[in-house]
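Everything numeric here is computed off the predicted structure, so don't read it as measured data. Atoms within a ligand are numbered from 1 in the order they appear, just like the ligands themselves. Along the sequence shown, the residues carry numbers beginning at 1.
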Amino acid sequence: MKSPTGAMIHVFPHLDSLIEAAANALTDHVVRAVDGHEFYTLALSGGNTPQPLYRRLATGPYRDLAPWDRVKVFFADERAVPPTHPDSNWLMAWEAWLRDGPIPSRQIFRMEGEAGDLHEAAQRYSETLTHEVYSGPTGFPALDLVLLGLGQDGHTASLFPQTAALDETLRVVAANDVPQLGAKRLTLTYPAIDAAREVWFMVSGAAKARRVAQCLGFIAGGDNLPATLVRPLGGNLHWWLDAAAAAQLPQGV
Ligand code: 6PG
């Protein structure tokens with residue numbers, strides 16, 4: 001079913017079934033999208049929701065179902081911490097999937113959250129993306145897939161409400177001051193996310209239900225939320241929800 005904002009919505013009874021379906025869909029997407037290309041390029045998010053997906057992909061059948069040796073992994077955002085810190089998105093993905101998974105480590109590209117100058121780190125990661133990923137029609141690197149989450153305040157990646165990175169139109173990656181967290185982050189910008197061939201949000205839990213309905217345009221109040229403003233140019237926007245997160249969508253969605 002499509003939302004009023006044009007996103008494809010996929011609802012599953014539980015987080016487990018959502019994760020299983022997302023693991024299948026991701027594996028299938030890698031197989032299809034890499035056909036005729038050298039590499040498949042994927043950007044990961046942090047947070048709690050995707051962790052079981054990463055664990056799932058590290059195990060069992062998924063390891064053998066796609067040519068993972070032709071996948072390059074990037075990050076949608078990173079906290080301003082070293083890669084050994086429990087808050088590091090890289091550490092989470094590394095421990096859950098990448099450390100023991102089949103993707104060669106030379107094809108895993110970490111944002112330098114520990115950098116003294118995050119603007120320089122953002123610039124270096126922009127250059128890495130530009131070098132490693134084919135450009136799309138807008139001149140921005142066109143990742144095959146960006147995985148995103150949704151915060152209770154409507155943020156996604158590290159695009160938080162009322163922060164400067166929301167207005168970035170030229171850079172691929174921004175260093176973003178997030179006063180409401182008293183923290184700095186590195187984040188893909190809108191033009192970088194929107195250049196991706198596919199963008200998938202994964203959201204679970206009742207605490208996000210109202211925001212989900214707002215971002216998808218079913219109830220008022222979502223127009224200016226950072227997650228609502230993600231609009232991939234090719235139109236391939238998918239929201240993967242468990243029933244609790246979908247609870248405020250109309251019946252039948
Ligand atoms: C991060 C993120 C962030 C996350 C949302 C949802 O670094 O925290 O990438 O945008 O996706 O905050 O996080 P949860 O899945 O933990 O709710």
Side-chain angles (χ1 to χ4, degrees), residues 12 14-16 18-19 22-23 26 42-56 73-83 85-98 109-115 118 121-122 125 143 145-163 165-166 168 173-190 192-194 196 199-216 222 225-230 237-242 244-247:
F12 299 87
H14 318 286
L15 181 60
D16 280 358
L18 187 167
I19 295 302
L26 175 51
L42 166 68
L44 305 180
S45 276
N48 296 316
T49 315
Q51 193 175 24
L53 171 66
Y54 303 157
R55 286 216 187 92
R56 197 81 192 85
V73 174
F74 302 88
F75 284 80
D77 73 320
E78 186 54 279
R79 291 95 182 265
V81 293
H85 193 282
D87 290 345
S88 161
N89 286 344
W90 182 84
L91 183 64
M92 184 276 278
W94 178 254
E95 290 186 332
W97 181 21
L98 303 172
F109 299 89
R110 185 173 78 74
M111 284 178 162
E112 295 167 71
E114 74 280 21
L118 282 185
Y125 207 71
L143 289 149
L145 175 62
V146 177
L147 288 178
L148 294 174
L150 174 70
Q152 285 193 36
D153 58 358
H155 80 261
T156 190
S158 282
L159 297 164
F160 284 80
Q162 280 127 30
T163 57
L166 300 180
E168 183 57 61
V173 180
N176 201 17
D177 245 316
V178 188
Q180 53 269 54
L181 298 181
K184 292 182 196 311
R185 298 281 188 97
L186 289 165
T187 185
L188 292 186
T189 59
Y190 283 125
I193 295 172
D194 291 343
V199 176
W200 298 0
F201 279 83
M202 285 180 36
V203 191
S204 67
K208 308 259 180 83
R210 184 172 167 72
R211 284 293 185 223
V212 166
Q214 286 180 321
C215 290
L216 290 171
L225 294 173
T228 309
L229 299 172
V230 170
L237 177 61
H238 294 258
W239 280 64
W240 297 76
L241 307 171
D242 69 358

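With sequence neighbours excluded, no residue forms a salt bridge (Lys or Arg N to Asp or Glu O under 4.0 Å) with Asp153. For Ser158, the side-chain hydrogen bond (donor to acceptor under 3.5 Å, both in side chains) criterion is met by Asp77, Arg185, not counting sequence neighbours.
At a heavy-atom distance under 4.0 Å, no atom of Leu148 approaches ligand 1.
The atoms of ligand 1 that sit less than 4.0 Å from any heavy atom of Arg79 are 1 (C), 7 (O), 8 (O). Distances below 4.0 Å separate heavy atoms of Gly149 from the following atoms of ligand 1: 11 (O).
Looking at Thr187, Asp87, Asp77 and measuring to atom 9 (O) of ligand 1, the nearest heavy atom belongs to Asp77. Comparing heavy-atom distances from atom 4 (C) of ligand 1 across Ser45, Gly151, Gly46 singles out Gly46 as nearest.
Leu150 has its side chain out of reach of Leu148: every pair of non-hydrogen atoms, C-beta onward, lies at least 4.5 Å apart.
Interatomic distance, Leu188 CG to Phe75 CZ, rounded to the nearest 0.5 Å: 11.0 Å.
The nearest heavy-atom contact from the protein to atom 10 (O) of ligand 1 is Ala157 O, 2.6 Å. Of all protein heavy atoms, the one closest to atom 15 (O) of ligand 1 is Thr49 OG1, 2.5 Å. For atom 17 (O) of ligand 1, the closest non-hydrogen atom on the protein side is Lys208 NZ, 2.6 Å. Looking at atom 14 (P) of ligand 1, its nearest protein heavy atom turns out to be Asn48 N, 3.5 Å. His155 NE2, 3.5 Å is the protein heavy atom nearest to atom 5 (C) of ligand 1.
Ligand 1 has no N or O atom lying under 3.5 Å from any N or O atom of Thr156, backbone or side chain.
Assignment of Met202 to the shell around ligand 1 is not supported, since no heavy atom sits closer than 4.0 Å.
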